[in-house]
Amino acid sequence: MPDQWWQFYYSIQNAYDEQGLREQGCDYVPLPITREEGIANQWHVTRSAEMDSSTGLSITVSCNDIDGALQFVSDLLEPEIIKLRFWGKEGDDYCVDENGLFYLTEEQEKRWMTSEEKRKHFCFYSYFPRVEGRLSDGINAFSLEYQTTEFYKNQPEDIQECFSAYGVTNYVDMIGNNEAPGAWYPMYSYTTSLSANSPAGQVRDRMDAVKHKWLPQVIMAEDFETAWEQYMKAYDSCNPEIYYQMLQLEVEKRVKG
């Protein structure tokens with residue numbers, strides 16, 4: 001099952017809504033562009049059982065009921081609780097068609113799309129463990145965001161036309177799924193855990209700031225070569241080799257096991 005396309009959607013949608021870009025005729029689809037012909041696009045990798053060490057759940061030593069806390073976490077993974085966490089209550093938060101497929105009415109959709117209403121009405125326990133994939137009915141995604149029918153129907157007409165032309169129904173299909181490139185994957189679990197006080201963490205943050213400032217200018221520049229040169233000058237001034245050296249050490253560590 002394709003995953004993470006909904007992250008594109010909600011991130012882009014929020015940005016477009018806040019900046020009014022959609023009203024200006026701007027919409028978004030990803031394209032699998034690589035620097036050289038013959039290089040495989042590996043932007044999106046099919047998720048498996050890889051360990052993400054950048055986040056986790058802990059129980060403090062001051063907890064008065066460790067067994068109860070663990071039971072609470074376990075209960076959150078029960079099939080019916082997963083459905084309640086990520087879909088809500090049938091009839092109130094979602095509906096079911098004659099084929100058993102979950103869908104939202106316009107009124108229910110507005111509640112999901114309004115941040116304030118969403119905060120008031122839903123509690124996803126988003127930082128707790130969850131079971132992904134399909135629900136026990138084998139039909140519906142564990143969460144609304146992964147329900148491809150709901151995603152597609154809410155796209156503007158021009159995006160639907162684009163999807164139709166490419167023969168896809170979501171963002172991940174546009175760029176393709178790939179297998180994990182090695183035992184070291186995913187590196188984001190390491191990069192996101194780097195302390196902002198560490199040399200590599202500071203370089204990472206400076207690089208991010210440069211990208212946020214310069215890449216929009218590069219994309220919109222009439223003189224691409226000049227803008228790219230300015231961007232690379234700012235990027236190189238961050239001393240990225242410090243960051244990459246740390247990544248290489250972590251890759252080698254993971255490969256060795």
salt_bridge(R254, E250) N-O dist < 4.0 Å: yes
Considering non-hydrogen atoms only, spot the tightest contact between P30 and I175 and give its length. CB-CG2, 3.9 Å
Going by atom types only, do E241 and Q245 share a side-chain donor-acceptor pair under 3.5 Å? no
Side-chain (Q160) to main-chain (Y152) donor-acceptor, under 3.5 angstrom: yes
If you group Ile, Leu, Val, Met, Phe, Trp and Tyr by side-chain heavy-atom gaps below 4.5 Å, do V96 and Y103 land in one group? no
Could you tell me whether the side chains of S143 and E145 share a donor-acceptor contact shorter than 3.5 Å? yes
Do the non-hydrogen side-chain atoms of R85 and F142 ever get within less than 4.5 Å of each other? no
Tell me if the CD atom of E107 is crowded by more than 12 foreign heavy atoms within 6.0 Å. no
Hey, what's the ring geometry for Y188 with Y185, parallel, tilted or perpendicular (30° and 60° as the breaks)? perpendicular
Side chain to side chain donor-acceptor pair (under 3.5 Å) with D75: which residues, sequence neighbours excluded? Q71
Any chance the rings of F72 and Y125 have centres within less than 6.0 Å? yes
Rounded to the nearest 0.5 Å, how far apart are CG of L135 and CD of E80? 8.5 Å
Any donor and acceptor pair, going by atom type alone, linking the side chain of D137 with main-chain N or O of I139 inside 3.5 Å? yes
Starting at CZ of R204, measure out to OG1 of T192 and round the result to the nearest 0.5 Å. 7.5 Å
